[in-house]
4 protein chains.
Amino acid sequence: MDVAAPKHLNARKRPRQVRSTVTVDAIFEATIQVLLAEGVHRLTTTRVAERAGVSVGTMYQYFPHKQALLYALNERYLDMLAERVEAVCLEQHGKATATMVASLIEAYWEAKTERSDITRVLYSSAVELNNEALVEAFAARMDRATAAMLASAPNAMYADLNLVNATILSVVFGTVRNVFERNMPLTVQANIRKELVAMCLSYLEGAGG
Amino acid sequence: MDVAAPKHLNARKRPRQVRSTVTVDAIFEATIQVLLAEGVHRLTTTRVAERAGVSVGTMYQYFPHKQALLYALNERYLDMLAERVEAVCLEQHGKATATMVASLIEAYWEAKTERSDITRVLYSSAVELNNEALVEAFAARMDRATAAMLASAPNAMYADLNLVNATILSVVFGTVRNVFERNMPLTVQANIRKELVAMCLSYLEGAGG
Amino acid sequence: MDVAAPKHLNARKRPRQVRSTVTVDAIFEATIQVLLAEGVHRLTTTRVAERAGVSVGTMYQYFPHKQALLYALNERYLDMLAERVEAVCLEQHGKATATMVASLIEAYWEAKTERSDITRVLYSSAVELNNEALVEAFAARMDRATAAMLASAPNAMYADLNLVNATILSVVFGTVRNVFERNMPLTVQANIRKELVAMCLSYLEGAGG
Amino acid sequence: MDVAAPKHLNARKRPRQVRSTVTVDAIFEATIQVLLAEGVHRLTTTRVAERAGVSVGTMYQYFPHKQALLYALNERYLDMLAERVEAVCLEQHGKATATMVASLIEAYWEAKTERSDITRVLYSSAVELNNEALVEAFAARMDRATAAMLASAPNAMYADLNLVNATILSVVFGTVRNVFERNMPLTVQANIRKELVAMCLSYLEGAGG
DNA sequence: AATGAATGAGCCTTCATTCAT
DNA sequence: TATGAATGAAGGCTCATTCAT
């Protein structure tokens, strides 16, 4: 994610030494823990610092203000997510459309689900944040990765690749979010996931995939 | 929506007289306005009361605390949304699956889009809220409505109606949210919507619809 | 003093009812007490509120921020000072230059000295403040008052009244401040005061007074 | 200036080696720069150190705390000022009263005005400081210098030299401060300065000078 | 001797909620 | 019943000072 983050949201210092990296990670982790344990409205700088085992002052040495912390946290998360999806897309290059779709959905689903509590909590942390740019950049990155993948399938002949791609992404991302936000029973989740694969596949076949 | 709202979130008094209804509506409206104009983090009870033209004290007569107000606001919104979707489902009873799907998507999409700013703002207002029960109830209500509709189509023979129904709902609701949260260009939105209809339809046909 | 105070320095509400006036006065008094007892760098909003016997919240109902409080305090002081000097000037209208000078110096000196601790403390409170406008307005008001007075003396024929006036004011105001900032023994102060009168008088005579 | 500065305000080490002097000067200079560029309330130790090109730690080696730095800075300034005035007084020894007065006022005025921004900024830095001793010592030093000068004039026969001297100093110092604090137009300043000379002279003549 | 990351007390300010009028 | 002034806990953030390296 190399969007130029809004100036004022930048971290104060780039953690270069091991020491710093450890601290910053501790802060990130603490933020998630507080979010998990207490909710957004109890996410205070003091609480985060305390849980991270550092002083508020130290925290402010790395993040100029609370928003910057949340911004960076979201950035880090979206980066991780994007990397995982991109890896799958590359790996599926040239494969059959059917496995592409299954892999894409699996990868995204797993990434979102393996720590679904964190996912949920990050959504909530984003609300007080102007992270449109972040989301936009993430979306664009995903667009590129999946479009390239889809186009590489043998026999793929989409009349409008971009539209098909955008549709698939919106449907997949949207559905995943909806499913886990509703906190459905795991078996139902698994079933819906299968159906989602089937649905996307039949759609792509109809569209020229 | 008749989930028993968590006790402490109940409005203090049921508005029975005209006077009360008017006041409560003014408060709801004011809440939305403040949310739109200033954002969640500037949504204060004082500001809402002021905009509603009543005193804070009066506001506390109708809502025992801020959360109750937001809870009720979301409740009202989901009620409205549910009613619109239910109406469409009833109207589509016995029609062909194809028109069902198109109508469902259209109804939901319109409801979410015609005042997309309000929609967005309500999402944000819900973050600090324990509105799971609300969402759960809304979902169940939708489930019932669409399941009944889908089952009423001539020739409909779903192996697992509940699963198909849950899938459709997750996909439609999820996709709509994803599309408008990304704030895509209107033409793209329209195109994706058409694709979504096609996708759902082809899925339903394959599933026995 | 009717300079338009910088917007952001205005008091939040004009104290109209007795109740409010009392509160505001208590806050002003408390500010001075804290300043006196603890010094500028220990002048905190909490401390002021506590001493005034109100809560911080209440204080912020009358003053949007600390600076506004200090600004208002200085404004009030300069108003009082200006009024006293103006009164003397009016009273001395048409009198002899000699009594004018003596009266002016006496009035100003008294005003500054009778609570010299407060005077000193207000100077210090002004440092963190952008009160140039205030001081400017005060100076202009004094200029007008003394110029009118000086011109009204029988036989007064100043070649450049404005210059003479400005000189007298700078000399008198400056000297007073210097004397009491150095905290000289009272007898010395009294003697210097007499000398100052003599000096101004001989100057004015030479200048056409 | 050899007042025994309050113990706790002493610099931690007397700068003896070249290295130290350079560093200390850099710190003084940086302090002034920060004061000029950002104002008292943004004068932080970190900022000063940074601007001086040393670490905070190093700064604390030379000044045990912030106040000591400000104290030393004021001390240095008053020393410089005193030296300049003393030099003039010596130079005017035995000259006519008229040139004495003109020279004294000129010297002081110039010293204060040639970098009026610095002067102003130093006043502000002194507010949080207990620098009475400093000011007292400066005043005494000035007293001695000007008294000796005034007494050395041919024909000088003051009934009360000390009083005359104290008066002249208070008037001159006070007026200068008043004039430049009000930031008057330069031409007005120049005129007042001339008037001030005239006024002092006529006073001294009347007093036996 | 120099460095600068870490500390944490303490500051200013907000705002949900109460209650006397 | 309606009002809105008063409350005060709690939050975000700064910065003088220390001390391990």
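The figures that follow rest on heavy atoms only: side chains count, while hydrogens, waters and symmetry mates do not. Each chain gets a letter, A, B and so on, in the order the sequences are listed, and its residues count up from 1.
- Distance CD (Glu50(A)) to C1' (dG12(F)): 16 Å, rounded to an integer number of Å.
- Both Met59(C) and Ser55(B) lie close to DNA chain F; mapped to their nearest nucleotides by heavy-atom distance, the more 5′-ward contact belongs to Ser55(B).
- The listed nucleotides are dG8(F), dG4(E), dA16(F); the one nearest the side chain of Val56(C) is dG8(F).
- For Tyr62(D), the listed nucleotide lying nearest its side chain is dA2(E); candidates were dT13(E), dA2(E), dC13(F).
- Atom pair Leu70(D):CG and dT17(F):C1' shows a separation of 15 Å (rounding to whole Å applied).
- When all heavy atoms are compared, the tightest approach of Leu134(B) to Glu75(B) is CD2-N, 3.7 Å.
- dT7(F) atom P lies 15 Å from atom OH of Tyr60(C), rounded to whole Å.
- Along DNA chain F, the nucleotide nearest Gly53(C) and the nucleotide nearest Lys66(D) are compared for position; the residue whose nucleotide lies closer to the 5' end is Gly53(C).
- In this structure, Phe63(A) has its ring center closer than 6.0 angstrom to the ring center of Phe28(A).
- Closest approach to the Thr58(A) side chain among dT7(E), dT7(F), dT13(E) is made by dT7(E) (side chain taken as heavy atoms from C-beta onward).
- Picking from dC15(F), dA5(E), dA6(F) the nucleotide with the shortest atom distance to the side chain of Gln61(A) gives dA5(E).
- Rounded to whole Å, the distance from CZ on Phe63(C) to P on dA5(F) is 15 Å.
- Rounded to whole Å, the distance from CD1 on Ile27(A) to P on dA6(E) is 9 Å.
- With the nearest nucleotide of DNA chain E identified for both Leu43(B) and His41(C), His41(C) has the one nearer the 5' end.
- In this structure, the CZ atom of Arg42(A) is 8 Å from the P atom of dA10(F), given to the nearest Å.
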Base-pair string, DNA chain E, Watson-Crick plus G-U, cut-off 3.5 Å on both distances, | for inter-strand, is .||||||||||||||||||||
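- Taking the side-chain contact (heavy atoms from CB on, under 4.5 Å) definition, one finds that Ala52(A) meets it with Ala26(A), Ile27(A), Ala30(A), Val54(A), sequence neighbours left out.
- For the pair Arg47(B) and Thr45(C), both in contact range of DNA chain E, the more 5′-proximal nearest nucleotide belongs to Thr45(C).
- Environment of CD in Glu38(A): crowded, with over 12 heavy atoms of neighbouring residues, nucleotides or ligands closer than 6.0 Å.
- Between Leu43(A) and Lys66(A), some side-chain heavy-atom pair lies under the 4.5 Å cut-off.
- Under the 3.5 Å distance criterion, with hydrogens and angles disregarded, a donor-acceptor pair is assigned to the side chains of Ser55(C) and Thr58(C).
- A distance of 9.5 Å separates CG in Leu70(C) from NE2 in His65(C), rounded to the nearest 0.5 Å.
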